[in-house]
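Heads up: the structure comes next, in C-alpha coordinates.
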Amino acid sequence: MAHPLLHLAFVFMNILILSQVSALDDHLPISSEAGYKPGPVPAVDVDSLEFPLNLEFLEAEFFLWSALGYGLDHVAPELVSGGPPPIGAQKANLDPLVRQIIKEFAYQEVGHIRAIKKTVHGFPRPQLNLTAANIGSIMNAALNTTLKPPFNPYANSLNYLLASYVIPYVGLTGYVGTNPHLQSATAKRLVAGLLGVESGQDAVIRGLLYERLFEKVAPYPYTVAELTDKISLLRNSLGHTGIADEGLFVPGAVGAEGKVKGNILAGDEYSVSYARSPAQILRIVYSSGSESSPGGFYPRGADGKIAHHYLSKKTHI
(Lines give C-alpha, C1' and ligand atoms only; values in the text may rest on other atoms or scores of the structure.)
Protein backbone atom coordinates (compact mmCIF):
# COMPACT_ATOMS: atom_id res chain seq x y z
CA MET A 1 0.00 0.00 0.00
CA ALA A 2 1.05 3.63 -0.48
CA HIS A 3 2.63 5.26 2.57
CA PRO A 4 -0.32 7.04 4.23
CA LEU A 5 1.65 10.20 5.04
CA LEU A 6 2.86 10.58 1.47
CA HIS A 7 -0.62 10.03 0.08
CA LEU A 8 -2.12 12.50 2.54
CA ALA A 9 0.49 15.04 1.48
CA PHE A 10 -0.58 14.67 -2.15
CA VAL A 11 -4.25 15.01 -1.18
CA PHE A 12 -3.63 18.04 1.04
CA MET A 13 -1.60 19.75 -1.68
CA ASN A 14 -4.37 19.12 -4.22
CA ILE A 15 -7.07 20.47 -1.91
CA LEU A 16 -4.98 23.54 -1.09
CA ILE A 17 -4.38 24.32 -4.75
CA LEU A 18 -8.02 23.85 -5.71
CA SER A 19 -9.15 26.07 -2.82
CA GLN A 20 -7.07 28.93 -4.18
CA VAL A 21 -8.05 28.65 -7.84
CA SER A 22 -11.09 30.92 -7.76
CA ALA A 23 -9.16 33.62 -5.90
CA LEU A 24 -6.30 33.52 -8.37
CA ASP A 25 -8.36 33.40 -11.56
CA ASP A 26 -8.87 37.18 -11.63
CA HIS A 27 -5.18 37.97 -11.14
CA LEU A 28 -3.25 35.50 -13.28
CA PRO A 29 -2.08 36.81 -16.69
CA ILE A 30 -3.12 34.81 -19.74
CA SER A 31 0.33 35.01 -21.29
CA SER A 32 3.88 35.78 -20.20
CA GLU A 33 7.03 37.11 -21.80
CA ALA A 34 8.70 33.92 -20.56
CA GLY A 35 6.26 31.71 -22.47
CA TYR A 36 6.76 30.14 -25.87
CA LYS A 37 6.04 32.35 -28.88
CA PRO A 38 5.24 30.32 -32.03
CA GLY A 39 7.07 31.46 -35.10
CA PRO A 40 8.47 30.26 -38.41
CA VAL A 41 11.22 27.65 -38.44
CA PRO A 42 13.58 26.65 -41.27
CA ALA A 43 12.65 23.71 -43.46
CA VAL A 44 15.43 21.63 -41.93
CA ASP A 45 13.60 21.63 -38.56
CA VAL A 46 10.05 21.00 -39.79
CA ASP A 47 10.05 17.20 -39.94
CA SER A 48 11.69 16.91 -36.51
CA LEU A 49 8.98 19.12 -34.98
CA GLU A 50 6.12 17.34 -36.73
CA PHE A 51 7.15 13.82 -35.72
CA PRO A 52 6.38 14.31 -31.99
CA LEU A 53 2.75 15.06 -32.87
CA ASN A 54 2.30 11.30 -33.07
CA LEU A 55 3.13 10.94 -29.38
CA GLU A 56 1.30 14.09 -28.36
CA PHE A 57 -1.93 12.88 -30.02
CA LEU A 58 -1.52 9.53 -28.25
CA GLU A 59 -1.02 11.10 -24.83
CA ALA A 60 -3.79 13.67 -25.30
CA GLU A 61 -6.40 11.06 -26.23
CA PHE A 62 -5.30 8.59 -23.57
CA PHE A 63 -5.40 11.17 -20.79
CA LEU A 64 -8.54 12.98 -21.96
CA TRP A 65 -10.64 9.87 -22.37
CA SER A 66 -9.40 8.32 -19.12
CA ALA A 67 -10.04 11.42 -17.02
CA LEU A 68 -13.13 12.88 -18.72
CA GLY A 69 -14.71 10.19 -20.88
CA TYR A 70 -14.22 12.13 -24.11
CA GLY A 71 -11.32 13.22 -26.28
CA LEU A 72 -10.05 15.80 -28.72
CA ASP A 73 -13.17 15.68 -30.88
CA HIS A 74 -15.01 17.25 -27.94
CA VAL A 75 -12.23 19.38 -26.41
CA ALA A 76 -10.41 20.75 -29.46
CA PRO A 77 -11.87 19.36 -32.70
CA GLU A 78 -9.91 21.85 -34.80
CA LEU A 79 -6.67 20.08 -33.85
CA VAL A 80 -7.58 16.61 -35.18
CA SER A 81 -7.79 17.83 -38.81
CA GLY A 82 -10.22 15.07 -39.74
CA GLY A 83 -8.16 12.22 -38.32
CA PRO A 84 -10.06 9.10 -37.16
CA PRO A 85 -11.17 8.80 -33.53
CA PRO A 86 -9.14 6.48 -31.30
CA ILE A 87 -10.17 2.85 -30.98
CA GLY A 88 -11.15 1.58 -27.55
CA ALA A 89 -10.58 4.72 -25.50
CA GLN A 90 -12.75 4.93 -22.39
CA LYS A 91 -13.16 6.65 -19.05
CA ALA A 92 -11.01 5.03 -16.37
CA ASN A 93 -12.05 4.16 -12.83
CA LEU A 94 -9.70 6.61 -11.11
CA ASP A 95 -9.61 7.93 -7.56
CA PRO A 96 -10.14 11.70 -7.24
CA LEU A 97 -6.46 12.58 -6.87
CA VAL A 98 -5.28 10.59 -9.88
CA ARG A 99 -8.22 11.82 -11.96
CA GLN A 100 -7.31 15.44 -11.21
CA ILE A 101 -3.67 14.83 -12.13
CA ILE A 102 -4.54 13.05 -15.39
CA LYS A 103 -7.04 15.77 -16.28
CA GLU A 104 -4.25 18.34 -15.94
CA PHE A 105 -1.93 16.21 -18.05
CA ALA A 106 -4.66 15.86 -20.66
CA TYR A 107 -5.08 19.59 -21.16
CA GLN A 108 -1.31 20.04 -21.17
CA GLU A 109 -1.14 17.65 -24.11
CA VAL A 110 -3.80 19.66 -25.92
CA GLY A 111 -1.57 22.69 -25.46
CA HIS A 112 1.41 20.77 -26.82
CA ILE A 113 -0.46 19.86 -30.00
CA ARG A 114 -1.60 23.45 -30.37
CA ALA A 115 1.96 24.78 -29.92
CA ILE A 116 3.41 22.39 -32.50
CA LYS A 117 0.64 23.10 -35.02
CA LYS A 118 1.12 26.85 -34.63
CA THR A 119 4.80 26.35 -35.46
CA VAL A 120 4.61 23.80 -38.29
CA HIS A 121 1.74 22.58 -40.46
CA GLY A 122 1.52 19.17 -38.85
CA PHE A 123 -0.85 16.39 -39.88
CA PRO A 124 -4.22 14.89 -38.88
CA ARG A 125 -4.56 12.72 -35.80
CA PRO A 126 -3.35 9.21 -36.71
CA GLN A 127 -5.40 6.12 -35.99
CA LEU A 128 -4.72 5.18 -32.36
CA ASN A 129 -5.38 1.88 -30.61
CA LEU A 130 -6.19 2.58 -26.95
CA THR A 131 -8.03 -0.65 -26.31
CA ALA A 132 -7.52 -2.47 -23.04
CA ALA A 133 -6.49 -5.48 -25.13
CA ASN A 134 -3.64 -3.58 -26.79
CA ILE A 135 -2.24 -2.27 -23.51
CA GLY A 136 -2.79 -5.68 -21.94
CA SER A 137 -0.73 -7.24 -24.72
CA ILE A 138 2.13 -4.88 -23.86
CA MET A 139 2.00 -6.07 -20.25
CA ASN A 140 1.95 -9.69 -21.44
CA ALA A 141 4.99 -9.06 -23.61
CA ALA A 142 6.82 -7.36 -20.75
CA LEU A 143 6.18 -10.30 -18.43
CA ASN A 144 6.56 -12.95 -21.13
CA THR A 145 3.28 -14.52 -20.07
CA THR A 146 -0.48 -14.21 -20.58
CA LEU A 147 -2.08 -12.51 -17.62
CA LYS A 148 -5.34 -13.98 -16.39
CA PRO A 149 -7.61 -12.14 -16.11
CA PRO A 150 -6.35 -9.85 -18.88
CA PHE A 151 -4.73 -6.65 -17.64
CA ASN A 152 -7.25 -3.78 -17.82
CA PRO A 153 -5.61 -0.33 -17.70
CA TYR A 154 -8.95 1.35 -17.09
CA ALA A 155 -9.99 -0.79 -14.10
CA ASN A 156 -8.43 1.22 -11.28
CA SER A 157 -5.87 3.90 -10.48
CA LEU A 158 -2.92 1.55 -10.03
CA ASN A 159 -3.50 -0.23 -13.32
CA TYR A 160 -3.91 3.12 -15.03
CA LEU A 161 -0.69 4.53 -13.61
CA LEU A 162 1.14 1.42 -14.79
CA ALA A 163 -0.30 1.89 -18.27
CA SER A 164 0.67 5.57 -18.15
CA TYR A 165 4.21 4.53 -17.22
CA VAL A 166 4.39 3.09 -20.73
CA ILE A 167 3.78 6.35 -22.62
CA PRO A 168 5.21 9.79 -21.58
CA TYR A 169 8.75 8.53 -20.97
CA VAL A 170 9.07 7.42 -24.59
CA GLY A 171 8.14 10.91 -25.75
CA LEU A 172 10.56 12.69 -23.46
CA THR A 173 13.51 10.54 -24.61
CA GLY A 174 12.50 11.48 -28.15
CA TYR A 175 12.71 15.19 -27.33
CA VAL A 176 16.13 14.66 -25.75
CA GLY A 177 17.22 12.89 -28.94
CA THR A 178 15.77 15.55 -31.23
CA ASN A 179 17.17 18.66 -29.58
CA PRO A 180 20.83 18.36 -30.73
CA HIS A 181 19.71 18.13 -34.37
CA LEU A 182 17.61 21.31 -34.41
CA GLN A 183 18.97 24.44 -36.08
CA SER A 184 16.70 27.33 -35.15
CA ALA A 185 16.23 29.03 -31.80
CA THR A 186 12.43 28.75 -32.13
CA ALA A 187 12.56 24.99 -32.65
CA LYS A 188 14.99 24.52 -29.76
CA ARG A 189 12.83 26.66 -27.47
CA LEU A 190 9.71 24.67 -28.34
CA VAL A 191 11.33 21.29 -27.82
CA ALA A 192 12.95 22.38 -24.56
CA GLY A 193 9.58 23.60 -23.29
CA LEU A 194 7.78 20.42 -24.33
CA LEU A 195 10.52 18.31 -22.77
CA GLY A 196 10.20 20.15 -19.47
CA VAL A 197 6.50 19.38 -19.11
CA GLU A 198 6.75 15.81 -20.45
CA SER A 199 9.54 15.13 -17.94
CA GLY A 200 7.37 16.50 -15.17
CA GLN A 201 4.47 14.25 -16.14
CA ASP A 202 6.72 11.22 -16.18
CA ALA A 203 8.16 12.16 -12.78
CA VAL A 204 4.69 12.47 -11.24
CA ILE A 205 3.62 9.08 -12.62
CA ARG A 206 6.82 7.45 -11.42
CA GLY A 207 6.51 9.16 -8.03
CA LEU A 208 2.95 7.92 -7.50
CA LEU A 209 4.02 4.40 -8.46
CA TYR A 210 7.09 4.63 -6.22
CA GLU A 211 4.76 5.11 -3.24
CA ARG A 212 3.42 1.63 -3.98
CA LEU A 213 6.72 0.08 -5.03
CA PHE A 214 6.37 -3.28 -3.29
CA GLU A 215 2.60 -3.53 -3.50
CA LYS A 216 1.23 -6.46 -5.49
CA VAL A 217 -0.74 -5.53 -8.59
CA ALA A 218 -3.87 -7.54 -7.81
CA PRO A 219 -4.80 -10.17 -8.81
CA TYR A 220 -1.33 -10.91 -10.18
CA PRO A 221 1.77 -12.08 -8.28
CA TYR A 222 3.89 -9.13 -9.49
CA THR A 223 4.80 -6.01 -7.53
CA VAL A 224 4.83 -2.51 -8.94
CA ALA A 225 8.64 -2.62 -8.85
CA GLU A 226 8.73 -5.84 -10.84
CA LEU A 227 6.22 -4.72 -13.44
CA THR A 228 7.83 -1.32 -14.09
CA ASP A 229 11.22 -2.98 -14.41
CA LYS A 230 9.82 -5.45 -16.95
CA ILE A 231 8.18 -2.65 -18.95
CA SER A 232 11.48 -0.78 -19.09
CA LEU A 233 13.33 -3.91 -20.18
CA LEU A 234 10.75 -4.46 -22.93
CA ARG A 235 11.20 -0.92 -24.23
CA ASN A 236 14.97 -1.37 -24.24
CA SER A 237 14.55 -4.61 -26.18
CA LEU A 238 12.08 -3.22 -28.71
CA GLY A 239 14.07 -0.04 -29.27
CA HIS A 240 17.39 -1.83 -29.80
CA THR A 241 19.06 0.94 -27.81
CA GLY A 242 20.86 -0.88 -25.05
CA ILE A 243 19.92 0.79 -21.78
CA ALA A 244 17.75 3.84 -22.38
CA ASP A 245 15.12 2.93 -19.83
CA GLU A 246 15.12 1.95 -16.16
CA GLY A 247 12.51 0.81 -13.68
CA LEU A 248 11.72 2.32 -10.28
CA PHE A 249 14.09 0.15 -8.26
CA VAL A 250 17.57 -0.69 -9.52
CA PRO A 251 20.77 -2.27 -8.23
CA GLY A 252 22.75 0.23 -6.15
CA ALA A 253 25.51 0.40 -8.73
CA VAL A 254 22.98 1.65 -11.32
CA GLY A 255 21.36 4.31 -9.11
CA ALA A 256 22.45 7.94 -8.93
CA GLU A 257 26.21 8.07 -8.29
CA GLY A 258 26.04 4.37 -7.44
CA LYS A 259 24.59 5.30 -4.04
CA VAL A 260 20.85 4.59 -4.18
CA LYS A 261 18.47 1.88 -5.34
CA GLY A 262 15.43 4.12 -5.64
CA ASN A 263 15.01 5.35 -9.20
CA ILE A 264 12.11 7.80 -9.32
CA LEU A 265 13.88 9.64 -12.14
CA ALA A 266 15.64 7.58 -14.80
CA GLY A 267 19.04 8.76 -16.00
CA ASP A 268 22.40 7.57 -17.26
CA GLU A 269 25.64 7.31 -15.26
CA TYR A 270 25.69 11.13 -14.99
CA SER A 271 21.96 11.29 -14.10
CA VAL A 272 21.36 12.85 -17.52
CA SER A 273 18.22 11.85 -19.45
CA TYR A 274 18.54 9.13 -22.06
CA ALA A 275 17.88 9.93 -25.73
CA ARG A 276 16.06 8.02 -28.46
CA SER A 277 15.82 8.53 -32.22
CA PRO A 278 12.51 8.54 -34.14
CA ALA A 279 13.25 5.03 -35.44
CA GLN A 280 13.79 3.74 -31.91
CA ILE A 281 10.56 5.35 -30.74
CA LEU A 282 8.57 3.81 -33.59
CA ARG A 283 9.93 0.35 -32.78
CA ILE A 284 8.54 0.75 -29.25
CA VAL A 285 5.15 2.33 -29.93
CA TYR A 286 4.50 -0.13 -32.77
CA SER A 287 5.25 -2.98 -30.31
CA SER A 288 7.00 -4.68 -33.21
CA GLY A 289 10.67 -3.86 -32.73
CA SER A 290 10.70 -2.48 -36.28
CA GLU A 291 10.11 1.08 -37.43
CA SER A 292 8.67 -0.29 -40.66
CA SER A 293 6.08 -2.63 -39.09
CA PRO A 294 3.05 -0.77 -37.68
CA GLY A 295 1.03 -2.10 -34.78
CA GLY A 296 0.66 -1.44 -31.10
CA PHE A 297 -0.71 2.05 -30.54
CA TYR A 298 -0.56 2.84 -34.29
CA PRO A 299 -2.28 0.07 -36.26
CA ARG A 300 -1.96 2.06 -39.52
CA GLY A 301 1.42 3.52 -38.67
CA ALA A 302 2.47 6.95 -37.45
CA ASP A 303 2.21 10.06 -39.62
CA GLY A 304 4.63 12.67 -40.93
CA LYS A 305 7.57 12.44 -43.33
CA ILE A 306 9.88 10.66 -40.89
CA ALA A 307 7.40 7.91 -40.10
CA HIS A 308 6.40 7.58 -43.77
CA HIS A 309 10.06 7.18 -44.71
CA TYR A 310 10.34 4.11 -42.50
CA LEU A 311 6.96 2.74 -43.55
CA SER A 312 8.20 2.74 -47.13
CA LYS A 313 11.03 0.37 -46.17
CA LYS A 314 10.40 -3.36 -46.42
CA THR A 315 13.32 -4.37 -44.24
CA HIS A 316 14.42 -3.36 -40.76
CA ILE A 317 16.88 -0.48 -40.70
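Salt bridge status for Arg114 with Glu78: present, with a side-chain N to carboxylate O gap under 4.0 Å.
When each of Val170, Ile138, Asn236 is checked for a side-chain contact (heavy atoms from CB on, under 4.5 Å) with Ile284, only Val170 meets the rule. Tyr154 pairs in a side-chain contact (heavy atoms from CB on, under 4.5 Å) with only one of the listed residues (Leu130, Thr131, Asn159), which is Leu130.
Residue Leu209 is not grouped with residue Leu233 when hydrophobic side chains (ILVMFWY) are merged at heavy-atom distances under 4.5 angstrom, including chains of intermediate members. In the hydrophobic cluster analysis, where Ile, Leu, Val, Met, Phe, Trp and Tyr join through side-chain heavy atoms closer than 4.5 angstrom, Val197 is grouped apart from Ile101. With hydrophobic clusters built from ILVMFWY side chains whose heavy atoms lie under 4.5 angstrom apart, Ile243 shares a cluster with Val176. Grouping the Ile, Leu, Val, Met, Phe, Trp and Tyr side chains by contacts below 4.5 angstrom, directly or via other members, places Val250 apart from Tyr165. In terms of hydrophobic clustering, with Ile, Leu, Val, Met, Phe, Trp and Tyr side chains grouped at heavy-atom distances under 4.5 Å, Leu194 and Val46 are assigned to a common cluster.
Scored by the side-chain contact (heavy atoms from CB on, under 4.5 Å) test, Pro38 finds Tyr36, Lys118, Thr119 as partners (sequence neighbours excluded). By the ring-ring contact (aromatic ring centres under 6.0 Å, His included) test, Phe151 pairs with no residue at all, sequence neighbours left out. Annotation: ring-ring contact (aromatic ring centres under 6.0 Å, His included) contacts of Tyr160 (sequence neighbours excluded): Phe62.
Judged purely by atom type and a 3.5 angstrom limit, Arg206 uses its side chain to pair as donor or acceptor with the backbone of Ile264. No donor-acceptor pair under 3.5 Å is formed between the side chain of Ser288 and the backbone N or O of Gly295. Of the possible donor and acceptor atoms, one in the side chain of Asn93 sits under 3.5 Å from a partner among the backbone N and O of Ala155. Side chain of Tyr298 to main chain of Asn54: a donor-acceptor pair is present (N/O by atom type, distance under 3.5 Å, no hydrogens or angles). Side-chain N or O atoms of Arg212 include none that pairs as donor or acceptor with a backbone N or O of Val217 at under 3.5 Å. With Glu61 contributing its side chain and Leu72 its backbone, the two residues share a donor-acceptor pair below 3.5 Å. When atom types are taken as modelled, the side chain of Thr178 and the backbone of Ser48 share no donor-acceptor pair closer than 3.5 angstrom. When atom types are taken as modelled, the side chain of Ser312 and the backbone of His309 share a donor-acceptor pair closer than 3.5 angstrom. A side-chain donor-acceptor contact under 3.5 Å links Lys117 to the backbone of Phe123. Proximity of a side-chain donor or acceptor of Ser232 to a complementary backbone N or O of Glu246 within less than 3.5 Å is detected.
The CG atom of Asp245 sits 4.5 Å away from the CZ atom of Arg276 when rounded to the nearest 0.5 Å. Put simply, CG on Leu161 and CD1 on Ile205 are 7.0 Å apart, with the number rounded to the nearest 0.5 Å. Here the straight-line distance linking atom CZ of Arg189 with atom OG of Ser184 works out to 12.5 Å at 0.5 Å rounding. Atom CH2 of Trp65 is separated from atom CD of Gln90 by 9.5 Å, given to the nearest 0.5 angstrom. Distance CG/Leu68 to NZ/Lys91: 7.0 Å, rounded to 0.5 Å. Here the OG1 atom belonging to Thr241 is positioned 9.5 Å from the OH atom belonging to Tyr274, to the nearest 0.5 angstrom.
A donor-acceptor contact closer than 3.5 angstrom is absent between the side chains of Glu59 and His112. Side-chain contact annotation: Gln108 with Glu104, donor-acceptor N/O pair under 3.5 Å present. Side-chain atoms of Ser290 and Tyr310 form no donor-acceptor pair, as typed in the model, at a separation below 3.5 Å.
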